[in-house]
Amino acid sequence: MTDLTVQFAGLELPSPIFVGAGPNTRTVETCVEALRAGAGAVEFSGPCGAGSARGEVRVDQFQFLPSKKDARPGRYFGLASTGGRHKADIPEGRIEVKMERIAEIKRRSRGLGALVANIGYVGYRGGRVGEEFSWGEMARLSQEAGADAVSLHLNTGQSLAGRLMVEEPDYLRNVVREAKAACSIPIIAKLPMEGCDPVAVCRLAAEAGADAVAPVARYVGLHIDIESETVPDWGGYHGFGGPWSLPITTAWTGRIRRDDPRTAIIPGGGVMSWEDVARLLLVGATMAQVCTWPILKGYGVLPQALRRLRKWMEKKGYQSLDDVRGKSLPRLKESGELWARYWERGPYEGIWIEGERCNGCGACAHVCFFDAIHVEGESKARVNAAKCVGCGCCFYLCPTDAIQRPED
Ligand SMILES: Cc1cc2nc3c(=O)[nH]c(=O)nc-3n(C[C@H](O)[C@H](O)[C@H](O)COP(=O)(O)O)c2cc1C
């Protein structure tokens with residue numbers, strides 16, 4: 001039987017799907033539902049705002065872009081975080097409510113996946129305004145309440161967070177060390193991918209003692225409303241995710257795994273199917289984080305995704321996720337390496353010009369970055385194979401389709 005369990009930092013989880021914090025994990029019910037659907041872990045983010053403290057789901061915590069009907073594969077869309085709008089709602093005793101909820105989720109999900117407490121310094125207050133809990137205190141309280149792991153919410157405000165990590169590496173180091181010292185459950189550092197070098201930032205967190213790194217591809221975007229011709233005020237910071245970000249998440253996951261073969265990586269950004277989960281595993285992810293997908297489709301997609309993943313593994317003859325993880329890494333090439341490959345193999349003889357079709361317009365010579373095409377006597381283009389790398393710019397630009405190249 002194909003085994004979908006995941007082990008890291010002493011945890012044993014039933015599947016590689018990590019349901020990331022968002023409006024879909026703000027209540028006891030939604031977290032229990034995610035775990036019952038087969039999630040390996042769920043990241044409890046609430047309560048956040050008076051509404052969810054009373055157990056309601058605040059549908060206005062996020063906004064569809066450009067509209068819900070556009071939220072389908074093939075479109076560039078993302079869900080914008082607008083949680084900032086509700087900061088003023090924070091009820092007194094919020095931290096206690098959060099810990100009670102953790103205990104309740106744990107009670108109702110025994111034997112299922114892990115409960116991860118998502119903690120962040122900003123906005124988490126005690127009974128009095130201004131009485132803020134430190135990262136360490138929140139980590140300790142989360143463990144006492146029954147959480148299986150703690151995730152440090154360091155990703156919000158992506159580009160600002162990224163800049164902070166680069167300019168003040170001690171900040172990240174100190175937060176991880178403080179949380180680590182305050183509890184004995186695993187610490188997951190949730191990190192930005194924008195405004196920084198994600199490889200360097202993940203390395204920093206791992207060196208400071210994080211048991212897992214969770215780089216998240218949410219980017220600061222801008223939505224212009226064409227009626228008002230300005231940016232709508234949704235609150236929050238306009239952090240966008242969605243399926244368009246998956247190739248970026250995949251590329252960074254591969255680079256982070258190449259840099260650090262050991263630390264658990266739980267990347268997030270753009271996962272919308274079981275195939276996307278497989279893609280991240282293939283470049284070395286320990287688990288794949290999902291958020292936009294279940295928000296749009298509901299947790300009903302998870303059991304089917306896990307069945308399909310299992311079937312694919314059976315077909316390939318993989319018995320466990322260890323057989324899948326990192327399988328694509330040896331074949332990954334950085335763009336620099338790809339260019340080097342062209343230079344190493346000598347002149348590229350692949351393209352040629354159909355003399356009959358060439359009208360000598362010179363568009364190909366103009367676009368060639370490698371100075372490999374010249375129009376002789378203003379009549380026909382000629383290729384210098386010693387300089388051509390086969391990038392294909394001329395091929396796509398030629399107005400008369402005179403440039404030919406072998407079938408890929
Ligand atoms: C509306 C929204 C709110 C989010 N809120 C939080 C949060 O409170 N804490 C956190 O660590 N991550 C938060 N995230 C990030 C997700 O947990 C997850 O890492 C990320 O969205 C994964 O990318 P995807 O949405 O493309 O799947 C939020 C994401 C969305 C879409």
Side-chain angles (χ1 to χ4, degrees), residues 17-27 30-31 34 39 41-49 52 57-65 71 73 75-87 98 116-124 135 138 149-158 161 175 187-194 198 212-221 234-250 252-253 265-273 276-277 279-280 285 287-297 299 301-302 305:
I17 294 183
F18 181 104
V19 174
N24 52 316
T25 69
R26 292 222 157 107
T27 65
T30 49
C31 287
V42 68
E43 194 178 28
F44 177 58
S45 70
C48 179
S52 53
V57 178
R58 294 287 295 250
V59 288
D60 56 347
Q61 291 268 0
F62 59 92
Q63 185 114 14
F64 294 102
L65 283 179
R75 284 300 301 256
Y76 299 110
F77 73 91
L79 299 177
S81 299
T82 61
R85 185 191 289 284
H86 304 285
K87 285 272 150 63
K98 183 171 175 121
V116 179
N118 187 231
I119 62 171
Y121 186 69
V122 181
Y124 288 79
W135 292 93
M138 284 186 289
V150 159
S151 67
L152 309 173
H153 185 181
L154 293 158
N155 48 303
T156 284
Q158 292 282 349
V175 169
I187 299 295
I188 302 167
K190 238 180 139 171
L191 302 165
M193 282 204 202
E194 193 183 3
V213 290
V216 177
R218 282 180 69 69
Y219 298 90
V220 175
W234 293 327
Y237 71 98
H238 290 221
F240 293 99
W244 58 270
S245 60
L246 184 78
I248 306 170
T249 311
T250 312
W252 280 114
T253 303
I265 309 175
I266 311 172
V271 174
M272 297 287 286
S273 66
D276 295 344
V277 174
R279 288 184 176 110
L280 290 185
M287 301 177 83
Q289 217 176 127
V290 300
C291 186
T292 295
W293 185 28
I295 289 176
L296 294 178
K297 305 280 180 185
Y299 288 123
V301 296
L302 298 191

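These numbers were taken from a predicted model, which means no experiment stands behind them. Whatever order the structure lists them in is the order used to number ligands and atoms, beginning at 1.
Heavy-atom minimum distance, Gly22 versus Ser45: O-OG, 3.4 Å. Closest approach of Glu43 and Thr25 over heavy atoms only: O-OG1, 2.8 Å. Across every non-hydrogen atom of Leu302 and Ala39, the tightest pair is CD1-CB, 4.2 Å.
Atoms of ligand 1 found under 4.0 Å from any heavy atom of Gly20 (numbered from 1 in listed order, with element): 17 (O). Residue Asn155 has at least one heavy-atom neighbour below 4.0 Å for each of these atoms of ligand 1: 11 (O), 12 (N). Those atoms of ligand 1 that come under 4.0 Å of a heavy atom in Val216, given as number and element, are 19 (O), 20 (C). Residue-ligand proximity, Gly22 to ligand 1, at heavy-atom distances under 4.0 Å covers atoms 3 (C), 4 (C), 5 (N). Atoms of ligand 1 found under 4.0 Å from any heavy atom of Gln289, numbered from 1 in the order shown, are 17 (O), 18 (C), 19 (O). Taking every non-hydrogen atom of Ala21 and a distance limit under 4.0 Å, the qualifying atoms of ligand 1 come out as 4 (C), 5 (N), 6 (C), 7 (C), 9 (N), 10 (C), 12 (N), 13 (C), 14 (N), 15 (C), 16 (C), 17 (O), 28 (C), 29 (C). Near Gly269, the atoms of ligand 1 lying under 4.0 angstrom from a non-hydrogen atom of the residue are 22 (C), 23 (O), 26 (O).
Side-chain atoms of Thr30 come within 3.5 Å of backbone atoms of Asn24 as a donor-acceptor pair (strictly under, hydrogens ignored). Gln289 contributes a side-chain N or O that, together with a main-chain N or O of Ile266, makes up a donor-acceptor pair within less than 3.5 Å. Checking side-chain atoms of Thr253 against main-chain N and O of Pro267 turns up no donor-acceptor pair under 3.5 Å.
In this structure, of Val19, Asn24, Thr292, the residue bringing a heavy atom nearest to atom 24 (P) of ligand 1 is Thr292.
In this structure, Trp252 and Ile265 have side chains that are not in contact, with every pair of non-hydrogen atoms separated by 4.5 Å or more.
With Leu152 as the fixed residue, the side-chain contact (heavy atoms from CB on, under 4.5 Å) test singles out one of Leu191, Ile188, Val175: Val175.
Between Val271 and ligand 1, no pair of N/O atoms sits closer than 3.5 Å. For a threshold of 3.5 Å applied to N or O pairs, the pair formed by Cys291 and ligand 1 contains at least one separation below that value. Some N or O of His153 is nearer than 3.5 Å to an N or O of ligand 1, by distance alone.
Contacts between Arg218 and ligand 1, counted as non-hydrogen atom pairs separated by less than 4.0 Å, involve the side chain only.
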